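Only this structure's heavy atoms are used, side chains among them; waters, hydrogens and symmetry mates stay out. What you are looking at is a predicted structure, and each value in this text was computed from that prediction instead of being measured.
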Amino acid sequence: MTTKIFSIILFTLFSILGVSQEKVKINHSPKLVVGIVVDQMRYDYLTRFYNRFGDGGFKRMVNEGFNCRNNHFNYVPTYTGPGHASVYTGTTPQNHGIISNNWYDKFEKKKIYCASDPSVTAVGSDSDLERMSPHRMKTSTICDQNRLHTQLKGKTIGIALKDRGAILPAGHSANGAYWFRGKDEGKWITSSYYRNELPEWVKKFNNSGKAKSYFKVWNTLYDINSYVESGSDLNDFEGSYMGKEKAVFPYDLKKLKDQNAGYDIIKISAFGNSLTADFAIAAIEGEQLGADAITDFLTVSFSSTDYVGHKFGVNSKEVQDTYLRLDKDLERLFTVLDSKVGKGQYTVFLTADHGAVHVPSYLKSVKIPGGYFDADLFKSKVNEFVKKSYKVDGVIENISNNQVFFNYEVLRKNTIKPEELEKTLANFILQQKHVDKVFTREQLQSGNYTMGIAELIQKGFNQKRSGDVIVVLNPATISYSKTGSTHGSGLTYDTHAPLLFFGHGVQKGSTTVKTVIPDIAPTIAALLGITFPNGSTGKVLPFVLK
């Protein structure tokens, strides 16, 4: 068949289908993709505070973009490190290997941090604690794939108060990842993994006094009596800052900073998100993101929502005020994007890295089940039981993150079969208070679970890095203080997270069809017409894209 005849047939087919040749396009590449992760954002924060939001932040994304209303994490544990990695790799800890924020490394025989890297040094700080990189993440991110697709011409910049929130999303090949060093420094820093000196725009920002300007009084944005979407300001379920007896507004951050690790107090307030937005805006200009037709990536994680949630709890007025102020920060960011990149020239997605549980002591006060798990007592009971049962010391090497790790050398020397120990220990643990379910390595490696908590546990289980027995606690039962909220489970309060798409190439609308966090990266890859991250297990969401 000649090329001419083929062209005539193709033209005829397009005419029948009502598609002009000019409209045939296999990708819709914006100048800039902005990925936003709001740390510890439950989906119902979007609906609970919706009527209080302005028109330019969350509401703009909902009204002009696409809202996935039934979006969930499809694995356990729901922590910050795994959450950020899963959003951008399009897969779960089973594959990307970030099984927690911290975990016990059975090969190094020590506890490790998800972003730590002793082979690099801090840049912008003299602290030995800031040696960070993405090297523990086993798979590529959507940002990495864009870098490869554009022959490294498309930039990637990652930003967050938390190092892991900046580093993991930006991927292995990022041009830069920047996080906030608090304490007595108050500076945005990076590591030698990316570069050996801070760029001029970062130095300029650090010297501007912007961080110091947030040492001020944190009061409610609006009349506190109008915050009817939250509980009373004075209650028994919230923590407070050192030096302030009661957790009630207002909070004088300048007065309290010396008792609360200096600049770190800004992180644990609504102003930490404002500082993050300030720095993200500086990055857009300083790195000239979205300035040409080659797609760049900006990953931004707003971490203060997590710090505030942990201290004050899901139902607090502090959480509500933090989200009302974040809404204004988002509007400010979008206004800059409109101006610098151009309306319709950038694409944004917004999600969370996990949700959070209502404070269990509060739940119990209103007759809803909830409780507290004594992890230290549990460890003692397990070790005592194993020693009594097998008459051997050191069988259990580590207990952490609701996982039990065996010492295989001790098992080998004493001819103890791992499968037998797993079953014996699982049966014992299941009898303990506050324990709901137990899974063994043998079950997770030999079975294939397709529903319920078992599926989530399996998707979070990494054969090489995870433990030998996995413990699941009762609903709304946590190993935490009696005040403030936390997260980590496979229950809906931790898994149900917002997912909003908005901007270039995105449809207007919403769906209640279930979507999962690993779907985000493949959907963005389809929008850009690039290869999916190399470990991706998510699916493209066709209803989101034009």
Side-chain angles (χ1 to χ4, degrees), residues 34-50 52-53 57-58 61 71 73 78-84 87 101 159-166 169 179-180 182 214 218 220-221 227 229-231 238-239 241 247 249 251 253 264-280 299-333 348-359 480 483-488 493-500 517:
V34 182
I36 298 173
V37 175
V38 182
D39 206 321
Q40 203 188 112
M41 185 175 182
R42 292 161 53 113
Y43 178 80
D44 66 347
Y45 288 160
L46 188 62
T47 55
R48 183 171 139 203
F49 306 138
Y50 192 77
R52 305 301 303 273
F53 292 145
F58 287 111
M61 294 196 74
N71 181 63
F73 285 86
T78 42
Y79 293 139
T80 299
H84 283 79
V87 168
N101 293 334
I159 291 169
L161 294 177
K162 294 182 181 180
D163 47 55
R164 58 188 180 272
W179 56 96
F180 188 67
Y214 288 112
W218 178 22
T220 51
L221 189 59
Y227 283 32
E229 297 82 6
S230 304
E238 301 177 14
Y241 300 113
F249 281 106
Y251 299 96
L253 302 189
D264 279 1
I265 197 172
I266 296 173
K267 298 179 183 179
I268 317 171
S269 77
F271 300 140
N273 289 332
S274 299
L275 178 62
T276 303
D278 295 336
F279 190 71
T299 74
V300 183
S301 180
F302 289 101
S303 308
S304 288
T305 41
D306 184 68
Y307 289 118
V308 172
H310 276 293
K311 182 168 285 293
F312 298 102
V314 163
N315 206 43
S316 65
K317 293 193 188 302
E318 287 82 358
V319 161
Q320 177 167 358
D321 194 69
T322 298
Y323 276 89
L324 297 184
R325 289 178 180 274
L326 174 59
D327 182 59
K328 288 188 172 296
D329 288 324
L330 290 175
E331 180 174 5
R332 194 157 54 93
L333 177 60
V348 180
F349 68 82
L350 181 148
T351 188
D353 55 351
H354 52 74
V357 65
H358 266 285
V359 180
Y480 200 66
T483 59
S485 299
T486 193
H487 47 87
Y493 50 77
D494 282 335
T495 68
H496 193 189
L499 177 54
L500 304 173
I517 288 294

Mark yes or no for whether [X], through its side chain, and [Y], through its backbone, hold a donor-acceptor pair below 3.5 Å.
X: Asp353; Y: Gln40; result: yes
X: Ser301; Y: Ala160; result: no
X: Tyr480; Y: His310; result: yes
X: Arg42; Y: Gly355; result: no
X: His487; Y: Thr78; result: yes
X: Ser304; Y: Ser269; result: yes
X: Lys317; Y: Tyr227; result: yes
X: Asn71; Y: Ala497; result: yes

Practice problem: May I ask you to check whether Asp321 and Thr220 show a side-chain donor-acceptor distance below 3.5 Å? | Solution: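 Asp321 vs Thr220: no donor-acceptor pair found between side chains.
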Are the side chains of [Y] and [X] in contact, using a 4.5 Å heavy-atom criterion?
X: Tyr45; Y: Val38; result: no
X: Val37; Y: Thr351; result: yes
X: His354; Y: Asp306; result: yes
X: Val357; Y: Val314; result: no
X: Asn315; Y: Val359; result: no
X: Lys162; Y: His84; result: no
X: Phe58; Y: Leu330; result: yes
X: Lys328; Y: Ser274; result: no

Self-check item: side chain to side chain contact (heavy atoms under 4.5 Å, CB included) between Phe49 and Thr322, worked out
Solution: CA-CA 11 Å; Phe49 306 138; Thr322 298; over 6 Å; no
Self-check item: Arg325 and Leu221: CA distance, side-chain angles, deciding distance, side chain to side chain contact (heavy atoms under 4.5 Å, CB included) verdict
Solution: CA-CA 7 Å; Arg325 289 178 180 274; Leu221 189 59; 3.9 Å; yes
[atom1]-[atom2] distance between [X] and [Y], expressed to the nearest 0.5 angstrom:
X: Phe73; Y: Tyr79; atom1: CZ; atom2: OH; answer: 13.5 Å
X: Asp327; Y: Leu46; atom1: CG; atom2: CG; answer: 9.5 Å
X: Glu229; Y: Tyr323; atom1: CD; atom2: OH; answer: 14.5 Å
X: Met41; Y: Thr305; atom1: CE; atom2: OG1; answer: 8.5 Å
X: Asp264; Y: Phe180; atom1: CG; atom2: CZ; answer: 8.0 Å

Quiz item: Checking side chain to side chain contact (heavy atoms under 4.5 Å, CB included) for the pair Leu324/Phe53: CA distance, chi angles, key distance, verdict?
Solution: CA-CA 6 Å; Leu324 297 184; Phe53 292 145; 3.9 Å; yes
Quiz item: Would Phe249 and Tyr251 count as a close aromatic pair, with their ring centres under 6.0 Å?
Solution: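 So the answer is yes for these two rings.
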Practice problem: For Ala247 and Glu318, work out which heavy atoms get closest and say how close. | Solution: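 What the structure gives for the nearest pair is O-OE2, 3.5 Å.
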